Amino acid sequence: MITLAVETSCDETALALYSEEKGLIGDVLLSQTKIHEEFGGIVPELSAREHTRNLLPLLDLLLKKTDFDLRDIDFVSFTLTPGLILSLVVGVSFAKSLAYSLRKPLVPVHHLEGHIYSVFVEKPVEYPFLALIVSGGHTDLYLVEGFGKYRFLGGTLDDAVGESYDKVARLMGFGYPGGPILDRLAKEGKETYKLPRPMLDDPTLNMSFSGLKTAVRRVVESGEYSKEDLACSFQNAVLDVLEAKVLKAVQLTGVKRLIVVGGVSANSGLRQRFRELSNLEVFIPHIKLSTDNAVMIAYAGLERFKRGIVAPEDINPEPNMPLETFGRLWS
Ligand code: KG4
Ligand code: ZN
């Protein structure tokens, strides 16, 4: 069984061909970071225009690269939600047109579900497990009890961690995306700035990162500062909060298997910190699959199709459907 997957929820245009039996056939990805960099963040209209411009050439490239005949796919997987609505519309329309012209079924995937299954591409994880999703738009903890069975445990009440990295980097005069830049700097620095650990002692699994950004702003505005040390201090504060919330989730659920996924799971400090947690089995995707890609959408699409889940031809994207709801609706 082979799927073509389409991912356009944010600023990456990505396609993948994936076989249930043989694994990844090939994938292509075009990142728009250079285009959005000068604006200090993603411009939704530009993102949609770039997806429109790039999807067909990327499909051509993928088919050439893999020497694959598109008629040999069994179905089309695509990201239905959540994301920038204009960008989703482009990807969903593309997926619908392909499915219609090839007379193949359409399989909807939730973007966060894709991130969760990015870990499975290397090796399936046994259920149940905890999922810490840390990306540009989300910072959430879920209990995953089976495919499509997602229970929301808690999440950020304000900024997502990736968003926080991007905003802090901007405060320090760097471009977008800030995560990889601060990651590099943090390795060279020491924790010399005392920054808050918001909601660390809060009994819930909710989090907050906007106060941390304000504390960084104060250091930046105070005059001279070490960029390396500030990046390291910021990163340690973020990781302390994430680690504390994960340990609380383990305590509350008794589940000792954890996956950490989403763009921020590419962070080297995070990878080291979570891998060192004792008494916990921790799974983090390959760095290439941490940030947005279509391989993870293909994998989740295959899991859905195997369960007989297909979408009607007139399906439309949703900017913000919660993962739990999606799991219930599409099961
Ligand atoms: O999952 P993703 O590619 O897109 C969304 O679904 O949001 O995540 C993008 C986010 C950006 O905020 C980016 O700064 C962050 O992931 N990111 C990182 C690193 N690489 C990407 N954050 C910290 N350290 C990194 N190495
Ligand atoms: Zn993502």
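Values below: all heavy atoms of this structure, side chains included; hydrogens, waters and symmetry mates excluded. Not measured: the values here are computed from a predicted model.
Contact check for Leu323 versus Phe152: no side-chain heavy atoms found under the 4.5 Å cut-off. Proximity of Lys96 to Leu106: side-chain heavy atoms (C-beta onward) are separated by under 4.5 Å at one or more points. Side-chain contact between Leu239 and Leu270: present, with at least one pair of heavy atoms (C-beta onward) separated by less than 4.5 Å. Proximity of Leu55 to Val6: side-chain heavy atoms (C-beta onward) are separated by under 4.5 Å at one or more points. In this structure, Met207 and Val161 have side chains that are not in contact, with every pair of non-hydrogen atoms separated by 4.5 Å or more. Contact of the Val216 side chain with the Tyr193 side chain is not registered, since no non-hydrogen atoms from C-beta on lie closer than 4.5 Å.
Between Phe120 and Phe129, the ring planes lie tilted relative to each other; the angle falls in the 30° to 60° range.
Glu45 and Arg49 are not joined by a salt bridge, as no carboxylate oxygen comes within less than 4.0 angstrom of a charged side-chain nitrogen.
Shown here are the salt bridge (Lys or Arg N to Asp or Glu O under 4.0 Å) partners of Arg328, two or more places apart in sequence or in another chain: Glu324.
Distance alone, capped at 3.5 Å, is enough to place a donor-acceptor pair between the Glu21 side chain and the Met1 backbone. Between the side chain of Glu7 and the main chain of Ser9, a donor-acceptor pair closer than 3.5 Å is present. Distance alone, capped at 3.5 Å, places no donor-acceptor pair between the Ser77 side chain and the Gly301 backbone. Judged by distance alone, with hydrogens and angles left aside, the side-chain atoms of Lys213 form no donor-acceptor pair with the main-chain N or O of Glu163 at under 3.5 Å.
Across Ala99 and Pro105, no two heavy atoms sit closer than the pair CB-O, 4.4 Å. When every heavy atom of Val28 is checked against every heavy atom of Leu58, the shortest pair comes out as CG2-O, 3.7 Å.
For the residue pair Asp183 and Ser268, a side-chain donor N or O sits within less than 3.5 Å of a side-chain acceptor on the partner. The closest side-chain donor-acceptor pair between Asp158 and Ser208 falls under 3.5 angstrom. Ser47 and Ser87 share a side-chain donor-acceptor pair at under 3.5 Å.
Under the 4.5 angstrom side-chain criterion for Ile, Leu, Val, Met, Phe, Trp and Tyr, Tyr100 has no cluster partners at all.
For residues 133-155, every residue pair satisfying the side-chain hydrogen bond (donor to acceptor under 3.5 Å, both in side chains) rule, not counting sequence neighbours, is listed here: Glu113-Tyr150.
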May I have the step-by-step check of ring-ring contact (aromatic ring centres under 6.0 Å, His included) for Phe147 and Tyr117, ending in yes or no? CA-CA 9 Å; Phe147 183 80; Tyr117 287 91; 5.1 Å; yes
Set out, in order, the CA-CA distance, both residues' side-chain angles and the distance that settles side chain to side chain contact (heavy atoms under 4.5 Å, CB included) for His115 and Asp292, then state yes or no. CA-CA 8 Å; His115 275 302; Asp292 288 351; 3.0 Å; yes
Just do the salt bridge (Lys or Arg N to Asp or Glu O under 4.0 Å) check on Lys248 and Asp201 with the steps written out, would you? CA-CA 10 Å; Lys248 202 165 276 177; Asp201 300 319; over 6 Å; no
How far apart are the C-alpha atoms of Phe39 and Tyr176, what are their side-chain angles, what is the distance that settles it, and do they pass the ring-ring contact (aromatic ring centres under 6.0 Å, His included) test? CA-CA 8 Å; Phe39 303 100; Tyr176 170 86; over 10 Å; no
